[in-house]
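Per chain, numbering begins at 1; letters A, B, ... match sequence-line order. Every value quoted in this text rests on a predicted model; they were computed, and no experiment measured them.
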There are 2 protein chains.
Amino acid sequence: MAQIRNTPSKRFIQQALNDAGRALSLSEIQEATSGICDRVTVYRVLERLLNEGEVHRTVSLDGVVHYAKCSACETNGHTHVHDHHHVHFHCESCGDVTCLESVIPEFKLPRKYELHETNFMVSGLCPGCR
Amino acid sequence: MAQIRNTPSKRFIQQALNDAGRALSLSEIQEATSGICDRVTVYRVLERLLNEGEVHRTVSLDGVVHYAKCSACETNGHTHVHDHHHVHFHCESCGDVTCLESVIPEFKLPRKYELHETNFMVSGLCPGCR
DNA sequence: TGCTTAATGCAATTTTGTTGCAAATGTAAT
DNA sequence: ATTACATTTGCAACAAAATTGCATTAAGCA
């Protein structure tokens, strides 16, 4: 099996996601890493982090992809696998995307649908902007 | 105020969305209209249809944008404005995205968040694929 | 300290989305 | 029907975003 390596680029990006405390858009990450590593590397690191379950991905209605390391991940290391069925909030004013860890929507799929992943994105105005 | 025109490109795209009975990805629409109209026109027609409330847009976790004319729209013409807070299902096997009109998730945003739009996308296996 | 293989950088390419403008065309009024 | 006019379209050019191949670098284990 493939081994997982701890490289500077990876550390840097993970750190950035930690520090942000919110979901970062791909372009924000690109910006943060400019001078640190190549644009292509960012794509590849993020893909790896996804596969390793270190971050999750969410997409806002305008099609912008965001990556986040949720607080739940942070506190719980790696042993406890958990889903990311929580709501993400996209502020139309400041553009920030935040994980609302505690907001888990309830719904019932029709019989015979098998659920794997969810992407719940709601947009509007965040507390700071209204 | 701007008048709304009924052009061949527009009719064709609306028809395609009707016939599909599911959400079509942008590239599917591009493909369907190849030979009919220009790539740029597709972008513009879809934007107009969005503004006119004829279709809605949803984004799957892989970042692919889909457009759909929901059954609710279809039956109810234009008078009844309704939101699209329903769930969309993205099948990981066949790739189809369908509107689950009747599945409206329940959730409560923390106080002070103001909700405008939603994009609820769940992925897994559809009845046909499992 | 080496060895193996994952990870990176760079360049090239592809895909996707946008803009400006002249020509075409839908629609309402005549 | 014909006209008038604003909307819509196509085309070309451009800009932005994502992907791929390959040679080089370096992480981590023995």
Exercise: do B:Ser27 and B:Ser25 side chains pair donor with acceptor under 3.5 Å: yes
Value in whole Å for how far the P atom of D:dT9 lies from CZ of B:Phe12: 14 Å
Nearest-nucleotide comparison on DNA chain C, the residue closer to the 5′ end among B:Arg44 and A:Ile36: A:Ile36
A:Thr7 side-chain N/O to C:dT8 phosphate OP1/OP2 under 4.0 Å: yes
Test item: side-chain donor near acceptor, B:Ser60 and B:Asp62, under 3.5 Å: yes
Side-chain donor-acceptor contact under 3.5 Å, A:His88 with A:His86: yes
Between P of D:dA17 and CD of A:Glu31, the distance in whole Å: 11 Å
B:Glu47/B:Arg57 ion pair, N-O < 4.0 Å: no
Length of the CG-C1' vector between B:Leu49 and D:dT8, whole Å: 13 Å
d(NZ, A:Lys10; C1', D:dG28) in whole Å: 13 Å
Sugar-phosphate, base or nothing in reach of B:Ser27, heavy atoms under 4.0 Å: nothing
Interatomic distance, B:Gln14 CD vs D:dT8 P [rounded to whole Å]: 12 Å
Proximal nucleotide (of D:dT9, C:dT27, D:dT19) relative to the B:Arg5 side chain: C:dT27
Criterion side-chain hydrogen bond (donor to acceptor under 3.5 Å, both in side chains) on A:Thr118 and A:His85, from CA distance to verdict: CA-CA 6 Å; A:Thr118 64; A:His85 295 333; 2.8 Å; yes
Options D:dT9, C:dT16, D:dA12, nucleotide nearest the side-chain atoms of B:Val40: D:dA12
Minimum-distance nucleotide (side-chain atoms of A:Arg48 versus C:dA7, D:dT9, C:dG26): C:dA7
Among C:dG9, C:dA6, C:dT16, the nucleotide that comes nearest once only the side chain of B:Arg39 is considered: C:dT16
Nucleotide of D:dG10, C:dG17, C:dG26 approaching B:Leu26 most closely (side-chain heavy atoms): C:dG17
Separation of atom CD in B:Gln3 from atom P in D:dC5, rounded to whole Å: 14 Å
Integer-rounded Å distance: D:dT7 C1' and B:Arg11 CZ: 15 Å
Whole-Å gap separating P (C:dG9) and OH (A:Tyr43): 15 Å
Side chain of A:Thr41 - closest among D:dC11, D:dA27, C:dT8: C:dT8
5' precedence on DNA chain D between B:Val45 and A:Asn6 (nearest-nucleotide basis): B:Val45
